[in-house]
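Model, not experiment: these values are computed from the prediction. Values below: every heavy atom of this structure, side chains too, minus hydrogens, waters and symmetry copies. Chain letters run A, B, ... following the sequence lines, proteins first, then strands; residues in each count from 1.
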Amino acid sequence: MIVLNGSPRDGTPSLGVLLDELGLGSDARGVAVAVDGEVVPRSEWDRWALVDGARVEVVDAIQGG
Amino acid sequence: MIVLNGSPRDGTPSLGVLLDELGLGSDARGVAVAVDGEVVPRSEWDRWALVDGARVEVVDAIQGG
Amino acid sequence: MIVLNGSPRDGTPSLGVLLDELGLGSDARGVAVAVDGEVVPRSEWDRWALVDGARVEVVDAIQGG
Amino acid sequence: MIVLNGSPRDGTPSLGVLLDELGLGSDARGVAVAVDGEVVPRSEWDRWALVDGARVEVVDAIQGG
Amino acid sequence: MPSREAEPRLAGLEIAGRRLASRLLLGTGGFQSFELLAAAIGASGTAVVTVALRRIDPAGRGSLIGVLDAAGVDVLPNTAGCHTARDAVLTARLAREAFATDWIKLEVIGDERTLLPDAVELLAAAEELVDDGFVVLPYTNDDPILARRLEDVGCAAVMPLGSPIGSGMGICNPYNITLICDRAGVPVILDAGIGTASDAALAIELGCDGVLCASAISRARDPAAMARAVALGVEAGELARAAGRIERRSHAVASTPEKGRPVL
Amino acid sequence: MPSREAEPRLAGLEIAGRRLASRLLLGTGGFQSFELLAAAIGASGTAVVTVALRRIDPAGRGSLIGVLDAAGVDVLPNTAGCHTARDAVLTARLAREAFATDWIKLEVIGDERTLLPDAVELLAAAEELVDDGFVVLPYTNDDPILARRLEDVGCAAVMPLGSPIGSGMGICNPYNITLICDRAGVPVILDAGIGTASDAALAIELGCDGVLCASAISRARDPAAMARAVALGVEAGELARAAGRIERRSHAVASTPEKGRPVL
Amino acid sequence: MPSREAEPRLAGLEIAGRRLASRLLLGTGGFQSFELLAAAIGASGTAVVTVALRRIDPAGRGSLIGVLDAAGVDVLPNTAGCHTARDAVLTARLAREAFATDWIKLEVIGDERTLLPDAVELLAAAEELVDDGFVVLPYTNDDPILARRLEDVGCAAVMPLGSPIGSGMGICNPYNITLICDRAGVPVILDAGIGTASDAALAIELGCDGVLCASAISRARDPAAMARAVALGVEAGELARAAGRIERRSHAVASTPEKGRPVL
Amino acid sequence: MPSREAEPRLAGLEIAGRRLASRLLLGTGGFQSFELLAAAIGASGTAVVTVALRRIDPAGRGSLIGVLDAAGVDVLPNTAGCHTARDAVLTARLAREAFATDWIKLEVIGDERTLLPDAVELLAAAEELVDDGFVVLPYTNDDPILARRLEDVGCAAVMPLGSPIGSGMGICNPYNITLICDRAGVPVILDAGIGTASDAALAIELGCDGVLCASAISRARDPAAMARAVALGVEAGELARAAGRIERRSHAVASTPEKGRPVL
């Protein structure tokens, strides 16, 4: 199980697989990822492993301030 | 007919009679009288004659500004 | 004697002569004339007579607020 | 040598002796003492030893703020 | 503290040779009951209150005059609601008959919405009433030129507004009030706009000789408490002006000397 | 008039469980003589005055403490002139020894020119002093967030400025002062910037629980008169706030009814 | 962006049926040279400049008119310095002869020190000049009642002051200016008091139709640059007013949504 | 008119060695559509717009980045909504990954209601981010001391507020903004509180180097028109400051000479 943007989710995919499912390649602009409070550099998205219970935050650009 | 404070009123009493009816003697404090746009001195209230159609204004002290 | 712009001046010329001396023709722009508190229309400058003691004011355009 | 309120001073008296010279007993109101950046409680004034080179600050109440 | 006796200017306000015990004048409009009015008069310490004239209610006359008599205050009738010099002059004459006083608070307003005075009609009415022997206290705007002209025609005081009647906005243009005060030869009484005690204090500090206050007191939640508050504000302003305030500076000035600071 | 006894909130200011007889605190800096200081204390009615600590003058100690004792006021030492939390903490400890009090008016300034407080050092010093058992009254800027954080670390009051020390500019940002007051769980004392009595009244009307005033009084032409003026201003503001002022309106509200106006 | 053509009200100011290319009117007083004046006219984009009349200098007439002709601007003569209606009316008639225009900027001042208008004389002069066929643009104070009366007697515009001539204090009482604008049926041109570009922008935002500016430009260190600045300020204010500003709120409104904030 | 080329300071704003084509920065929050946003960007002439980061919406990603690319503006990510230094630092790092920029508009707020910055957390975050190589533009309050400390830890600019975010109250304390500008060694950008064009002009006149504006534009009735208005206001303020405004005077200064007035 992992927690993606606050919602529990079965399975423990790799980060690359997870982002693929979200349609996000490493060239996705305005997107960033943190796992368990640590920012994952874009260059490492593909090879970043997720442990069971990992809290994954995937953020996108929105209008703001 | 006279007009007392904007309201027509039958008859043409003298001012003294009119004020008597209103319970106002010449010692009535805070009260003043104008007839046809002219102020009637308190000392002349008793002997002031009203003509037919006279506009009589009788005013009293109120709270104000 | 006349008084031109506050200064006494010998003689009693006609207004036309006076303005000529000042180099002002009836086409002088920004200029106006008053004699004894009356504005003299530009069209009458030539034929306007001055009486002895006349107060003549000749004004010109200046910078102003 | 000690430094009293910024001024060098020969000798290395005890704090009690120094304060005596300044006319300050332990009941001196509005007065406090720091030695080398440490506040010396009033109750220890008498027995506080000064080392050579000690920086002594003796302060008094003034009008302020 | 200097005794107030030693400072004649603190002894009160003098208008047309009559010394008033308080710099605060009270408007009687807006009080919900005579009890509240009487309490506010007492709390304010005022010596003069305004009243108005309206068509008599035949069903039953109030005892307003009785309340004011009991309070020991003088009555200053106004011409509230008048739009023309003629109306105001007639109303003033009615007031003279009604209250046996030649003092009049002259109001000639320009419209119902702003209740702002009409300069031209006001000045005309003032001149006529002065000629007729009245002691005229005109409610005016904050125009220094009009204030001086009102003084020039013989008004016994000038009563500029801080802001519109009943608005509680305080003093919108302190600069103009200062100009009026600096040049006045008669008492200046801030009339209209006061919302709270600090406004009254400020008015006096700017140079006003008195304050007339109605709605701020009569429509406050607790009128008597506000009456006392405004009275204290007036007194505070008076003392402060006499005490000679520090100048405004755009930089800080230490209140504790730097010299002698220990090195800890 | 409602009696003040009936309104407990009017009975004075309470800080750290200690009730002060007056909402006005007086700074002692800037008085030209002890006589003027004593007169101002008397005229102000204050119960608490600030003092500072500086290197002793061996040539002759003043009798400041004697004057304050005679006046019957408590001493609130300050840390004026300190630029760092460390300096301020040490100075507070000196003050505790000097005056046998754990109350401290905490000042940690950012520079000499503005004498504005340094938020970070101030908060650090406040936290350390609270932990050390002090009753901390911090001189702070008008930032509502910092005020709340000072309260959160245990300060017994917060003392926001109206404008820089000694400037007499009054309250530059009443909005911020209102925000601070609305949310404070400890007393708010307006410190610095007061120029005259109306400023003090306004501070209380905005919601402050007290006012600390130094230069406005000590450097006035007549300090004792200004002390009394500011004290009255505080009292006026207090009563006015309790009385429930009218709302500000952008239009006029007649204080005399239109109804019944005679047709003349 | 909406095109300005689509918004007729942005197309300029219309007075007495004459459309002006710019909402900015320029006073010519105070420029140190004709070159600086010409440069400022150019930079301002104004279509109308004021001039005055004074006794002719026989030693040599200036070429002011030539400069203004070359700049392609119309002349608006004023009656500056007049204290009475009579003086002002005569001066207006002189101006009509001098400049072959029936437009007049009517000034009737109450004293030399404040240069504030005299309400009574001003209104009398305005009425007489309107009857005499003039297009009257009166320099008036910020009294909404007087402004309406000037309109009622037929003035083609009203020109209230923001603050005294040459003071640069900006708009002392924005409330009154708003009242004037809200109720005016003729153009309102803010005259006097402008100190800088933001003052001009504010005037238009408050509802003024134009701004007349003299000293702020002519006495600036770089008059042409200030002319351009004020012109841009006017344009900015015009667009801002048409754009429909947000309301003032006494609380914050987030510009970034809270929803979806990651938990890091 | 002096050419703008001749005045390098008019050529735009430079932050961390990067020259921006406009002194106006635009916040993208609050626009009702991308079309309105794009129009406002165009009308504003801005070179830099802010964006935020929130949890991705899997249902469909917007094309915000595409819109900004098409508009040719750079992105300045913010840390809006963060309450602690830790949160803000992490958010800044996310932003660096998301937008491939090391510029960050640093926001660390003290509470949701006022959205005012928390001085202590802000300074801690700024220091950490500077050390981490970021170009830090902190949204700060109007405290001059905090502004200087932010500069001292290496911030590339300081962004004091005029009033709370989205309030439209303008600049509540111009005095503090002036103090900040007078002493800053890095650009000062007025951030938050702007309500209309004159506020922006005033900010620049007070000495600010730029203005960041979001709600005033995005929530105006016509955002693009307001964008243009604010841009003109900024330009007007810039020219006015360079032109050297007249001093404020408390008395009038005639713009027409008295000398030579005819006697009529």
Side-chain angles (χ1 to χ4, degrees), chain G residues 1-2 27 29-30 39 43 52 54-55 78 80-81 87 90-91 113-115 164-169 195-198 201-202 205 214-216 219-222 224-226 228-229 232-233 235-237 239-240 242-249 251-256 258 260-262 264, chain H residues 1-2 27 29-30 39 42-43 52 54-55 78 80-81 87 90 113-115 164-169 195-198 201-202 205 214-216 219-222 224-226 228-229 232-233 235-237 239-240 242-249 251-256 258 260-262 264:
Chain G
M1 187 175 51
R54 289 292 178 268
R55 284 170 170 170
N78 70 25
D87 248 23
L90 278 171
T91 301
R113 180 155 159 268
T114 65
L115 302 176
I165 293 172
S167 70
M169 286 197 290
T196 183
S198 59
L202 176 61
E205 288 166 354
S215 303
R219 301 192 207 274
R221 199 177 53 228
D222 180 343
M226 187 57 90
R228 177 78 183 130
L232 284 175
E235 200 179 339
L239 272 161
R245 64 159 288 161
I246 56 172
E247 285 190 37
R248 279 182 188 78
R249 294 168 191 281
H251 57 274
V253 180
S255 56
T256 305
E258 178 62 14
R261 215 156 61 74
L264 299 168
Chain H
M1 187 175 52
R54 289 292 179 267
R55 283 169 170 172
N78 71 24
D87 248 23
L90 279 171
R113 180 156 158 267
T114 65
L115 301 177
I165 292 172
S167 70
M169 286 196 289
T196 182
S198 59
L202 176 60
E205 289 166 354
S215 302
R219 303 192 206 275
R221 199 177 54 228
D222 180 342
M226 187 57 90
R228 178 78 183 129
L232 284 175
E235 201 179 338
L239 272 162
R245 63 159 290 163
I246 56 172
E247 285 190 37
R248 280 181 187 80
R249 295 170 191 280
H251 57 274
V253 180
S255 57
T256 306
E258 177 63 15
R261 217 155 60 73
L264 299 167

* Asked: H:Ile246 versus G:Met226: any side-chain heavy-atom pair under 4.5 Å?
  -> no
* Could you pull out the closest heavy-atom pair between G:Thr256 and H:Asn78, with the gap in Å? => OG1-ND2, 3.5 Å
* Asked: Is the backbone N or O of H:Gly168 less than 3.5 Å from a side-chain atom of G:Arg245, with the two atoms forming a donor-acceptor pair by type?
  -> yes
* Any sub-3.5 Å donor-acceptor pair from G:Arg261's side-chain atoms to H:Gly81's backbone N or O? -> yes
* Structure fact -> Assert top hit (heavy-atom pairs under 4.5 Å, partner chain G, pool H:Arg113, H:Arg248, H:Glu247) equals H:Arg248
* Asked: At what distance, to the nearest 0.5 angstrom, does CD1 of H:Ile165 lie from CZ of G:Arg249?
  -> 14.0 Å
* Structure fact -> Cut-off 4.5 Å, heavy atoms of chain H, and the answer for G:Glu205 is side chain
* **Shortest non-hydrogen separation from G:Ser167 to H:His251 and the atoms involved** => CB-O, 3.7 Å
* Quick one: of H:Ala197, H:Gly260, H:Ser215, who has the most non-hydrogen atom pairs under 4.5 Å with chain G? -> H:Gly260
* To do: Mind listing the closest non-hydrogen atom pair of H:Ser255 and G:Ala214 along with its distance?
  => CB-CB, 4.1 Å
* **Between H:Gly237, H:Ala236, H:Gly29, H:Ala220, the one whose heavy-atom pairs under 4.5 Å with chain G are most numerous** => H:Ala236
* Side-chain donor/acceptor of G:Glu235 to backbone N/O of H:Leu232, under 3.5 Å -> no
* Closest non-hydrogen atom pair, G:Pro262 against H:Arg54 -> CD-CA, 4.4 Å
* Asked: Taking H:Ser198, H:Ala201, H:Gly166 one by one, which has the highest count of heavy-atom pairs under 4.5 Å against chain G?
  -> H:Ser198
* Structure fact -> Applying a strict 4.5 Å limit to non-hydrogen atoms, the region of H:Thr196 in contact with chain G is both
